[in-house]
Amino acid sequence: MSKKDLKSLTLEELTSEVTSLGEKPFRARQLYQWMHRNLARSFGEMTNLPGAFRETLRDRYIYTSHTLVERHISALDGTEKYLFGLADGNVIESVLMRYHFGNSVCISSQVGCRMGCRFCASTIGGLTRNLLPSEMLDQVYSIQRITGERVSHVVVMGTGEPLDNYDNLLRFIKLLSDENGLHLGQRNLTVSTCGLPDKIRSLAGEQLQITLALSLHAPSQEKRKLLMPVAYKYDLSDVLDACRYYFEQTGRRMTFEYSLVGGINDAPEDAKLLAKLLHGWNCHINLIPVNPIEERDYVQSGQHTILTFKNILEKCGMNATVRREMGRDISGACGQLRKGYLNESCPFSGTMIK
Ligand code: SAH
């Protein structure tokens with residue numbers, strides 16, 4: 001039987017594991033506190049647990065902990081980008097952004113991605129594997145430990161499609177917001193998806209207070225297909241129906257992300273169509289000037305084009321902002337840091353969406 005991953009267990013599950021080892025239930029609470037409050041990197045740090053108990057845990061369970069491979073700090077705005085090494089040798093990327101409202105960490109949900117969005121660096125090598133709930137938590141925990149500053153917001157917008165790793169994502173959300181752990185408010189947690197309708201509907205039924213962000217990127221099904229292969233699998237109307245259902249069930253205002261790609265989806269006509277498509281929605285549109293990647297010849301829209309696009313949306317009564325670029329000096333878009341590292345160090349392959 002494969003070993004269980006301790007840091008991915010709920011307090012209840014941990015209690016039944018610990019008592020099955022013949023220990024008192026309060027040991028489970030202590031252990032949980034070491035993992036999710038004190039953010040211990042190893043059993044060695046858990047000084048109030050008996051040595052023999054720690055030995056047993058070491059033998060019988062997996063205890064995940066990242067190694068720090070690279071850390072880059074922006075001289076411009078204090079943004080930090082991290083490359084973490086996992087136990088199996090894979091590397092993942094996480095970002096810390098400092099805002100006036102607190103520290104926000106952007107985490108990866110998979111090693112690689114199989115969704116294939118044309119402008120995204122994370123998907124170029126396909127999917128290697130899902131991240132465990134503990135491996136998602138470790139990104140937040142490591143950054144809080146390293147900086148000594150509280151993480152107040154988390155966005156699941158790094159490498160990977162979170163809803164393609166649904167069960168682990170859910171566990172991650174529950175552990176991160178658990179009052180016995182870091183207790184991050186679910187309203188401070190955003191999950192971004194390329195739009196898997198069945199999974200969005202499931203998520204709507206989970207009684208969560210998180211914000212859902214849909215990567216829309218186009219005002220029509222036809223244009224969406226040019227940028228996102230996932231659009232061949234799911235029609236835009238199905239995706240939006242699922243989002244509407246999410247809003248009805250949770251009452252949470254949706255965010256729509258729209259990466260502006262020069263000459264592809266940034267014309268005034270696109271803005272008008274987008275306003276028409278989202279007319280009547282209680283939503284926020286986040287415009288992201290595309291971050292050009294080496295492997296594709298997409299270009300960023302000019303400043304004037306971006307502002308015109310935003311103005312049209314606003315004139316149509318939509319709530320829209322342009323995402324401020326953070327950490328410009330420390331390697332650009334989603335997945336680029338990891339990709340640069342892999343190109344230099346090891347071969348890499350994975351699977352793509354069918
Ligand atoms: N798979 C999820 C989350 C990861 S990507 C999703 O699709 O939403 C997070 C956001 O960054 C998505 O909106 C994605 O489309 C966008 N993105 C990825 N690469 C980008 C790039 N080079 N420039 C601008 N936005 C990019």
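For reference, positions follow the sequence shown, starting with 1. Whatever order the structure lists ligands and atoms in, that order sets their numbers, starting from 1.
Counting heavy atoms closer than 4.0 Å to ligand 1, residue S259 contributes side-chain atoms (C-beta onward) but none from N, CA, C or O. Residue-level proximity to ligand 1 for E161 is carried by backbone and side chain together, each with a heavy atom below 4.0 angstrom. In L214, neither the side chain nor the backbone holds a heavy atom less than 4.0 Å from any atom of ligand 1. The residue M115 has no part lying near ligand 1, judged by heavy-atom distances below 4.0 Å.
Looking only at atom types and distance, the side chain of N286 has no donor-acceptor partner in the side chain of T255 under 3.5 Å away. For the residue pair S109 / E161, no side-chain donor-acceptor distance below 3.5 Å is found, with atom types taken as modelled. Looking at S177 and H183, their side chains never bring a donor and an acceptor atom within 3.5 Å of each other.
At a 4.0 Å cut-off, not a single heavy atom of M228 sits close enough to ligand 1 to count as contact. Residue-ligand proximity: G160 is placed with a non-hydrogen atom under 4.0 Å from ligand 1.
Within the listing of ligand 1, atoms 18 (C), 19 (N) sit less than 4.0 angstrom from a heavy atom of C120. The contact set between ligand 1 and H217, taken as ligand atoms under 4.0 Å from a residue heavy atom, comprises 13 (O), 14 (C), 15 (O). Interface atoms of ligand 1 facing C194, defined by a heavy-atom separation under 4.0 Å, are 6 (C), 7 (O), 8 (O).
The distance between the ring centers of H284 and F256 does not fall below 6.0 angstrom. In summary, the aromatic rings of F119 and H217 are positioned with their centroids under 6.0 Å apart.
Between I312 and M318 the shortest side-chain heavy-atom distance does not fall below 4.5 Å.
Side chain of R114 to backbone of T128: no donor-acceptor contact under 3.5 angstrom is found.
Among F119, Y298, Y258, the residue whose heavy atom sits closest to atom 17 (N) of ligand 1 is F119. Considering only non-hydrogen atoms, atom 7 (O) of ligand 1 lies nearest to S215 out of G158, S215, C113.
Aromatic ring orientation, H36 versus Y141: perpendicular (interplanar angle above 60°, classes split at 30° and 60°).
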